[in-house]
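Structure first, commentary second.
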Amino acid sequence: MAIRVLHVATGNVGRIALSQLIEDPRFELAGLVVSDPAKVGRDAGDLAGLGAVTGVTATADLDAALAARPDCTVYCALGETRLFEALADIEKILASGSNVAASSPVPLIYPWGLLPDRMIDPIEKACEAGGTSLFASGVDPGWVNDLLPFAIASTCQRVEQVRCSEIADYATYDGGPVMFDFMGFGRPLDELPRMFKPGILAASWGVSLRMMARGFGFELDEITESYEREPAPEAFDVAAGHIPAGGVAAMRFQITGVAVGKEVLVIDHTTRLRDDLRPDWPRPAQDGGSYRLEITGEPSYRVDVCPTSAKGDHNYAAIAAGAGRIVNAIPDVVAAPPGLRTPLDLPFNTAKGVFATTLPR
């Protein structure tokens with residue numbers, strides 16, 4: 001029997017996740033919630049870009065959508081700029097009896113050690129009240145920091161350091177609120193965006209570092225952060241908007257987990273808006289962008305992951321990977337015991353069933 005799923009939000013991640021929910025026979029779309037008044041009343045297939053009529057129309061009323069009693073809700077609403085509103089939504093969904101697979105808020109990937117108990121306890125209580133579970137994931141933070149390291153390190157005799165890198169050109173990424181408001185692209189160098197204020201990098205990516213440490217069986221003593229930024233030599237435009245001359249056009253930042261005085265876990269991001277900027281920084285393994293896992297140990301590894309898509313460029317492919325991660329986890333999330341779940345709690349084989357649309361049944 002198909003799992004009945006409510007879907008929330010149709011932004012960059014949500015639109016892709018919604019298309020899989022519609023096309024994948026493992027799932028039955030039970031409802032769609034949006035925040036944009038212009039999308040209310042439109043068919044889900046239309047909003048997913050499929051041009052198909054599903055008979056499910058978008059509503060702005062979360063309570064009404066939950067009245068349909070979905071087995072699971074895929075939550076893709078923006079969480080970076082509306083943390084408390086997103087947490088309130090998720091608590092309501094869980095308490096209603098619907099499990100949740102979410103792409104945000106990022107802290108829910110592994111909130112312990114980051115969020116205070118007063119923010120975690122309501123989520124756990126909502127799970128208990130609804131008999132539900134919650135799983136949050138993404139790309140990085142997300143599967144680049146859990147699936148890849150644990151899979152490859154499982155072949156090592158010993159490990160000294162794990163480094164997870166994203167090396168990407170964001171010129172075609174149209175996520176304006178994230179790029180301009182959070183990351184600070186286009187802003188002058190003397191203006192510090194939210195992402196680079198003290199503690200924010202460690203908070204945003206610390207969820208993955210703490211989860212990796214737990215998975216490897218140790219605790220971190222400290223999480224450090226550092227960053228560099230490069231101004232635009234002249235003005236130019238990208239998909240998200242205008243970059244003035246002198247505005248930030250490239251950045252590199254690192255978040256490092258330290259144990260017994262050693263830098264053992266590192267997350268390293270190099271993000272450009274033009275390929276010619278800072279050639280001395282890490283270069284992707286394919287045009288546009290890639291992900292890289294480097295393990296120092298015995299044996300040592302360098303693994304480059306180059307996502308591509310028939311529907312878009314490297315940025316689209318990366319977003320599709322994050323969307324696929326949460327949608328494919330739905331059966332395991334529904335089957336899991338009530339509570340806040342992490343990749344350490346769920347089976348690694350979240351890909352089970354992905355051939356459902358291409359193989360005879």
Side-chain angles (χ1 to χ4, degrees), residues 3-24 26-36 38-40 42-50 54 56-62 65-66 70-94 96 98-109 123 132-143 173-179 182 204 207 309 311-312 315-330 333-334 340-341 350:
I3 299 172
R4 301 181 68 253
V5 181
L6 169 65
H7 186 75
V8 177
T10 56
N12 285 326
V13 179
R15 184 169 59 251
I16 298 174
L18 177 60
S19 67
Q20 183 179 351
L21 290 173
I22 292 171
E23 295 183 322
D24 193 322
R26 293 177 294 171
F27 310 114
E28 174 191 342
L29 187 64
L32 173 62
V33 177
V34 295
S35 59
D36 185 349
K39 295 180 179 180
V40 173
R42 292 175 60 184
D43 187 86
D46 178 28
L47 291 174
L50 299 177
T54 65
V56 176
T57 55
T59 178
D61 190 337
L62 178 59
L66 289 172
D71 300 309
C72 189
T73 297
V74 172
Y75 189 86
C76 295
L78 191 65
E80 288 84 356
T81 58
R82 48 182 297 278
L83 173 62
F84 294 102
E85 295 91 336
L87 289 175
D89 285 346
I90 289 175
E91 288 173 30
K92 176 184 290 188
I93 296 167
L94 291 167
S96 76
S98 177
N99 299 279
V100 175
S103 63
S104 71
V106 167
L108 293 179
I109 292 176
I123 295 289
T132 51
S133 62
L134 162 68
F135 173 72
S137 188
V139 181
D140 186 350
W143 61 266
Y173 176 55
D174 62 358
V178 173
M179 285 183 58
F182 185 66
S204 299
V207 293
S309 171
K311 298 180 179 180
N315 283 319
Y316 179 95
I319 296 169
R325 173 79 159 129
I326 58 173
V327 171
N328 290 327
I330 289 173
V333 175
V334 171
L340 205 164
R341 301 294 158 209
T350 55

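None of the values given here were measured: they were computed from a predicted structure.
- For the residue pair Trp143 and Gly322, the shortest heavy atom distance occurs at NE1-N, 4.1 Å.
- Minimum heavy-atom separation, Cys72 to Val334: CB-CG2, 4.0 Å.
- Residues Ile123 and Glu91 form a side-chain contact, since some pair of their non-hydrogen atoms from C-beta on lies under 4.5 Å apart.
- Distance CG/Asn328 to OG/Ser137: 11.0 Å, rounded to 0.5 Å.
- Without hydrogens or angle criteria, Ser104 side chain to Ala77 main chain gives a donor-acceptor distance under 3.5 Å.
- Atoms CD1 and CZ, from Ile330 and Phe27 in turn, are 4.5 Å apart once rounded to the nearest 0.5 Å.
- For the atom pair Leu94 CG and Asp89 CG, the distance stands at 11.0 Å (nearest 0.5 Å).
- What you find for Val327 and Ala17 is that their closest heavy atoms are CG2-CB, 3.8 Å.
- Looking at every heavy atom in both residues, Ala58 comes nearest to Lys39 through CB-O, 3.4 Å.
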- Task: Assess whether side-chain contact (heavy atoms from CB on, under 4.5 Å) is satisfied between Asp174 and Asn315, documenting all intermediate values.
- Result: CA-CA 10 Å; Asp174 62 358; Asn315 283 319; over 6 Å; no
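- A donor-acceptor pair is defined here as one N or O able to donate and one able to accept, closer than 3.5 Å; no such pair exists between the side chain of Thr73 and the backbone of Ser98.
- Using a distance-only test at 3.5 Å, with no hydrogens or angles considered, no donor-acceptor pair links the side chain of Asn99 to the main chain of Thr132.
- Separating the CD atom in Glu85 from the OG atom in Ser35 is a distance of 11.5 Å, to the nearest 0.5 Å.
- To the nearest 0.5 Å, atoms CG (Leu6) and CG (Leu32) are separated by 7.5 Å.
- Asp24 contributes no side-chain N or O that, together with a main-chain N or O of Gln20, makes up a donor-acceptor pair within less than 3.5 Å.
- Rounding to the nearest 0.5 angstrom, the gap separating the CG atom in Leu18 from the NE2 atom in His7 is 4.5 Å.
- Summarising the geometry of Gly31 relative to Val56, their closest heavy-atom pair is CA-CG1, 3.7 Å, with the distance given to 0.1 Å.
- A pairwise comparison of heavy atoms in Ile90 and Ala102 identifies CD1-CB, 4.5 Å as the closest pair.
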